[in-house]
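Notes to accompany the following structure.
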Amino acid sequence: MHYPLRVRPGEPDFDGLPVLKLHCDVGVPINERLYAQAQLGLCERCFFVRLWAFETQPLPDSRMTVLLEGPQGQLRLSAQASGTAALLLSGCERNDALTAWSFSGEDLQGEYWGMSLLMDAGLFYQTLGLSACDRSSCIRGNILKEQPSLSALFPVAPGHAADDPACFGQWKLC
């Protein structure tokens, strides 16, 4: 199954993007499961992501991470409940190329924290080895919520690290 990575006209806009729900392993006790969600999109100017986790009084090292892998490189975006964000492009730190802002609040699902992150679309395509003109490209990756327990968009197989490419699913640019 391919998740759509929508390329939208104009400015970054989360309205109309699918909400991706991260899931805990069934072995995690129900009261320790942390629920998290994400949205990913592309526009002419930037790759944009919204991450949010439902947890009361999150630990400072509570973290959400987007891992993407293209034909020529990898992208790793991380957001922590403490308000810090990081961008690694094929293993090289590029926080200077990242814009991020955090948010928190509560709704019918409970209390949450989150972060919206943006990076240049050209740098996204270049890092992953994609063409901005090719709307049929596929990339692999996963979205993780780490600390104190693990939630993931695609299941993490027993014996594998959370960021192991063997546990990646696919997105299709459309």
Side-chain angles (χ1 to χ4, degrees), residues 1-24 34-55 58 62-71 73-81 83 85-89 94 97-146 150-156 162-163 167-174:
M1 176 180 162
H2 293 88
Y3 278 98
L5 179 52
R6 299 232 167 90
V7 182
R8 306 181 59 97
E11 298 297 315
D13 182 10
F14 290 102
D15 294 338
L17 289 179
V19 175
L20 307 171
K21 306 237 184 238
L22 282 61
H23 303 278
C24 276
L34 298 176
Y35 297 94
Q37 301 175 167
Q39 290 177 293
L40 284 71
L42 271 165
C43 66
E44 295 164 358
R45 290 188 15 221
C46 64
F47 170 61
F48 54 102
V49 174
R50 181 183 291 158
L51 304 169
W52 64 108
F54 293 88
E55 57 185 319
S62 182
R63 178 178 57 249
M64 291 188 70
T65 304
V66 175
L67 304 163
L68 298 176
E69 180 178 79
Q74 303 89 25
L75 179 149
R76 182 183 193 107
L77 271 171
S78 295
Q80 288 191 247
L87 173 63
L88 291 176
L89 301 176
R94 285 297 311 270
L98 179 64
T99 300
W101 63 95
S102 59
F103 56 87
S104 62
E106 62 181 276
D107 64 13
L108 295 175
Q109 296 182 46
E111 295 180 37
Y112 59 86
W113 68 270
M115 195 170 286
S116 296
L117 307 115
L118 295 95
M119 67 175 281
D120 179 73
L123 190 55
F124 172 86
Y125 289 117
Q126 177 186 359
T127 298
L128 297 178
L130 304 173
S131 168
C133 301
D134 184 2
R135 293 292 189 259
S136 64
S137 296
C138 290
I139 56 176
R140 295 175 35 79
N142 208 346
I143 303 173
L144 309 171
K145 164 66 181 85
E146 301 170 275
L150 176 67
S151 298
L153 179 62
F154 298 104
V156 176
D163 59 357
C167 303
F168 285 2
Q170 293 194 357
W171 278 271
K172 182 174 183 173
L173 276 62
C174 58

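- When atom types are taken as modelled, the side chain of Asn142 and the backbone of Cys167 share a donor-acceptor pair closer than 3.5 angstrom.
- Leu153 approaches Leu20 most closely through the heavy-atom pair CD1-CB, 3.9 Å.
- The distance from the CD atom of Glu146 to the CZ atom of Arg63 is 4.5 Å, given to the nearest 0.5 Å.
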Practice item. In sequence, state the C-alpha distance, the side-chain angles, and the governing distance for Val156 and Asp163, and then conclude on side chain to side chain contact (heavy atoms under 4.5 Å, CB included). Key: CA-CA 8 Å; Val156 176; Asp163 59 357; over 6 Å; no

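- From Gln80, atom CD reaches atom CG of Leu51 across 12.0 Å, with rounding to the nearest 0.5 Å.
- When all heavy atoms of Leu40 and Leu17 are compared, the pair lying nearest together is O-CD1, 3.8 Å.
- Nearest approach of Phe14 to Arg50, heavy atoms of both residues: CD1-NH2, 2.9 Å.
- Among all heavy-atom pairs drawn from Leu128 and Leu68, the shortest one is CD2-O, 3.9 Å.
- Residues Lys145 and Leu34 share a closest heavy-atom pair of NZ-CD1, 3.7 Å.
- Rounding to the nearest 0.5 angstrom, the gap separating the OG atom in Ser151 from the NZ atom in Lys21 is 12.5 Å.
- In this structure, Thr127 OG1 and Leu89 CG are separated by 4.0 Å, a value rounded to the nearest 0.5 Å.
- Side-chain contact check for Phe48 versus Gln39: every heavy-atom pair is 4.5 Å or farther apart.
- Within the structure, every pair that satisfies the salt bridge (Lys or Arg N to Asp or Glu O under 4.0 Å) test and touches residues 6-17, not counting sequence neighbours, is listed here: Arg8-Asp13, Glu11-Arg45.
- Qualifying side chain to side chain donor-acceptor pair (under 3.5 Å) partners for Gln74, counting only residues two or more places apart in sequence or in other chains: none.
- For the side chain to side chain donor-acceptor pair (under 3.5 Å) test, no residue two or more places apart in sequence or in another chain qualifies with Ser102.
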What side-chain donor-acceptor pairs closer than 3.5 Å can you find for residues 110-122, not counting sequence neighbours?
residue, atom, partner, partner atom, Å
Trp113, NE1, Glu55, OE2, 2.7
Asp120, OD2, Gly122, N, 3.0
Asp120, OD2, Leu123, N, 2.9

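- Among residues two or more places apart in sequence or in another chain, the salt bridge (charged side-chain N to carboxylate O under 4.0 Å, His left out) test is passed with Arg135 by none.
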Point to revise | Check against side chain to side chain contact (heavy atoms under 4.5 Å, CB included), Tyr125 and Leu173 | key: CA-CA 11 Å; Tyr125 289 117; Leu173 276 62; 3.8 Å; yes

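- Interatomic distance, CG of Leu5 versus CZ of Phe47, reported as 6.0 Å (0.5 Å rounding).
- Residues passing the side chain to side chain donor-acceptor pair (under 3.5 Å) test with Ser136, sequence neighbours excluded: Asp134.
- The two residues Ala152 and Phe154 come nearest to each other via the heavy atoms CB-O, 3.2 Å.
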